[in-house]
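Down below is the structure, laid out as structure tokens.
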2 protein chains.
Amino acid sequence: MREKFLAKDYVNNDYKDIVFNRRSYRRFDPSQNISRDEIVEMLDEATITPSACNLQAWHFVVVDNEEARNKVKAVTMPFNYPQLETAPVTIFILGDIHSHKVYREVWTKVYEEGRITKEKLDDIFNSFLPMYEKADRDFLIQDATLDSSMLAMQLLLVARAHGYEANPWAGYNSKDLVATLNLDNERFVPIMAISIGKPGEEPTESTRYDVNSKINFLA
Amino acid sequence: MREKFLAKDYVNNDYKDIVFNRRSYRRFDPSQNISRDEIVEMLDEATITPSACNLQAWHFVVVDNEEARNKVKAVTMPFNYPQLETAPVTIFILGDIHSHKVYREVWTKVYEEGRITKEKLDDIFNSFLPMYEKADRDFLIQDATLDSSMLAMQLLLVARAHGYEANPWAGYNSKDLVATLNLDNERFVPIMAISIGKPGEEPTESTRYDVNSKINFLA
């Protein structure tokens, strides 16, 4: 997959421009659509993000049409209507706390197809999988949250490489969101939403604290 | 701060190389040091990461000497000794669940210095701050975890822009880590560690699931 991405021509390939000129836009140009092909492409690129034990404990629900927008609007705080209403696409990132079950299924299938030996399969299953299979829900949520938040950051940059701007937000009713997205509440946990599109306003500037106030050196 | 970063010459400024050729290294070249100035510089760049309400709920503890490494080794799972022992620097990223208190202090000071009016100060304090001041610990941890994990992803890329490789890991005893880092357990929560240096081995390749298995479109 890396080769495929490396061979692409991005609208913007300038690292420092992508990272340091990124800002949070709250209004987009609703007339500028993004095709589903390009949405999938951006998510594909964002999944290059590392994850704990490569479990890839993330999932995406794409909201790119009026009906879907109205559904999620019902569980969104009004403060976030501007980006939800004006962005051609809003991607909800969920954590998948069953990712270790998927992992077991995937590798069992690889073994059943004769692509790895029984020994290799046992190796894979005995390294870290038991830890996840015995873990409590809080542990699984923590891991899925880390994976998915890292992916969210990557997606903000991917959007810029594609010539778009984005806004990450989490102002929704967490308790009702998963069901609204037609997903299983037992399996998926809300992480954040990312609205993507062409800018519809000037962004507000934000500042940062002096980094030295955030750093301790351990002696 | 953006202008400062945009004016810099990075070792690597090629977005797609930075993102898609990033891999997790578990062994580094211990003879290649990174100066504290450059560590601070990298953290400064990483804090361009967005955060909920710009609370910047992250904190860093830098481990770059033998004594510090031994201290954290005592709470690290043996599986992660290779990167801890060989990387010239390991940065522990913590979530700061008191970031809203810092925010109140910082803006009170700005007002006391006569840099904003009382009306502006009240505006700032009445927008979202009460929500955080009334929030329970779980809410604060969730927000700090999102902010800090996004920053972790950014830091992995910043490291590559500086010509280094990195490894994100969380295999430590979470319960004891914060005290080991000489921080307040009430205020800081462990997020992950990032070891940074010049590579000391070939990385192992990792694959990703077909992205289509991770995407639902909401109708």
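In this structure, K8(A) pairs ionically with E41(A), as a charged nitrogen and a carboxylate oxygen lie closer than 4.0 Å. K4(A) and D44(A) are joined by a salt bridge, as a carboxylate oxygen and a charged side-chain nitrogen come within less than 4.0 angstrom of each other. Between D17(B) and R22(B) there is no salt bridge, since none of the side-chain N atoms of the basic residue sits less than 4.0 Å from a carboxylate O of the acidic one. E113(B) and K109(B) are joined by a salt bridge, as a carboxylate oxygen and a charged side-chain nitrogen come within less than 4.0 angstrom of each other.
Contacts between L156(A) and chain B at a heavy-atom distance below 4.5 Å involve the side chain alone, from C-beta outward. For D147(B), no part lies under 4.5 angstrom from a heavy atom of chain A. Residue V19(B) touches chain A through both its backbone and its side chain, counting heavy-atom pairs closer than 4.5 Å. Contacts of A7(B) with chain A are made by backbone atoms alone, with heavy-atom separations under 4.5 Å and no side-chain atom involved. Proximity to chain A involves both the backbone and the side chain of D14(B), based on heavy atoms less than 4.5 angstrom apart. Looking at L157(B), the atoms closer than 4.5 Å to chain A (heavy atoms on both sides) sit in the backbone and in the side chain alike. Heavy-atom distances place no part of I93(B) under 4.5 Å from chain A, backbone and side chain included. S213(A) touches chain B through its backbone: at least one of N, CA, C or O sits under 4.5 Å from a heavy atom, while the side chain does not. Both the backbone and the side chain of P50(A) come within contact range of chain B, each with at least one heavy atom under 4.5 Å from a heavy atom of that chain. Proximity to chain A (any heavy atom under 4.5 Å) is shown, for E45(B), by both the backbone and the side chain. For chain A, the nearby part of T180(B) is the backbone; its heavy atoms alone come within less than 4.5 Å. Heavy atoms of F217(B) lying under 4.5 Å from chain A belong to its backbone as well as its side chain. For I141(B), no part sits under 4.5 Å from any heavy atom of chain A, backbone or side chain. Looking at N65(A), only its side chain comes within 4.5 Å of chain B, counting heavy atoms on both sides. Of the atoms belonging to W169(B), not a single heavy atom falls under 4.5 Å from chain A. For S51(B), no part sits under 4.5 Å from any heavy atom of chain A, backbone or side chain. Within the 4.5 angstrom heavy-atom criterion, no atom of F139(A) approaches chain B. Contacts between V158(A) and chain B at a heavy-atom distance below 4.5 Å involve backbone atoms as well as side-chain atoms. In this structure, chain A has a heavy atom under 4.5 Å from the side chain of K71(B), while its backbone stays farther away. Within the 4.5 angstrom heavy-atom criterion, only side-chain atoms of I18(A), from C-beta onward, approach chain B.
A donor atom on one side chain and an acceptor atom on the other are not found under 3.5 Å apart for N216(B) and N182(A).
Between H100(B) and L140(B), some side-chain heavy-atom pair lies under the 4.5 Å cut-off. With a 4.5 Å cut-off on side-chain heavy atoms, T90(A) and E85(A) do not count as touching. V89(B) places none of its side-chain heavy atoms less than 4.5 Å from the side chain of N33(B). Contact check for P190(A) versus V178(A): side-chain heavy atoms found under the 4.5 Å cut-off.
In terms of heavy-atom pairs under 4.5 angstrom with chain A, the leader among I91(B), V63(B), L43(B), L183(B) is L43(B). Ranking S206(A), S174(A), A170(A), A68(A) against chain B, the residue ahead of the rest is A68(A), based on heavy-atom pairs under 4.5 Å. Between chain B and the residues I48(A), N13(A), V72(A), the largest count of heavy-atom pairs under 4.5 Å involves N13(A). In terms of heavy-atom pairs under 4.5 angstrom with chain A, the leader among E67(B), Q142(B), R23(B) is R23(B). Each of Q154(B), M192(B), E205(B) has some count of heavy-atom pairs under 4.5 Å with chain A, and the biggest count is that of Q154(B). Contacts with chain B were tallied for N212(A), D96(A), T207(A); T207(A) has the most, counting heavy-atom pairs under 4.5 Å. Of the residues considered (H59(B), R69(B), R36(B), R208(B)), R208(B) shows the highest number of contacts with chain A, using heavy-atom pairs under 4.5 Å. Among the candidates D210(A), D143(A), I215(A), L181(A), the residue making the largest number of heavy-atom pairs closer than 4.5 Å to chain B is I215(A). For the options W58(B), Y209(B), Y10(B), heavy-atom pairs under 4.5 Å to chain A are most numerous at Y209(B). Of the listed residues (N12(B), I191(B), D64(B), L146(B)), the one with the most heavy-atom contacts under 4.5 Å to chain A is L146(B).
Here NE2 of H162(A) is found 9.0 Å from CD1 of I196(A). Values are rounded to the nearest 0.5 Å. Here the CG atom belonging to L155(A) is positioned 9.0 Å from the CE atom belonging to M150(B), to the nearest 0.5 angstrom.
Because its NZ or CZ atom is not both nearer than 6.0 Å to the ring centre of Y132(A) and within 45° of the ring axis, R104(A) does not count as a cation-pi partner of that residue.
Using cut-offs of 30° and 60° on the angle between ring planes, the pair Y25(A) and F28(A) is tilted.
Taking the six-membered ring wherever Trp is involved, the centroid distance between the rings of Y103(A) and F128(A) falls below 6.0 Å.
The shortest non-hydrogen separation linking S148(B) to G95(B) is OG-CA, 3.6 Å.
Residue Y81(B) qualifies as enclosed at atom OH: its count of foreign heavy atoms under 6.0 Å is above 12.
Side-chain N or O atoms of R187(A) include none that pairs as donor or acceptor with a backbone N or O of H98(A) at under 3.5 Å.
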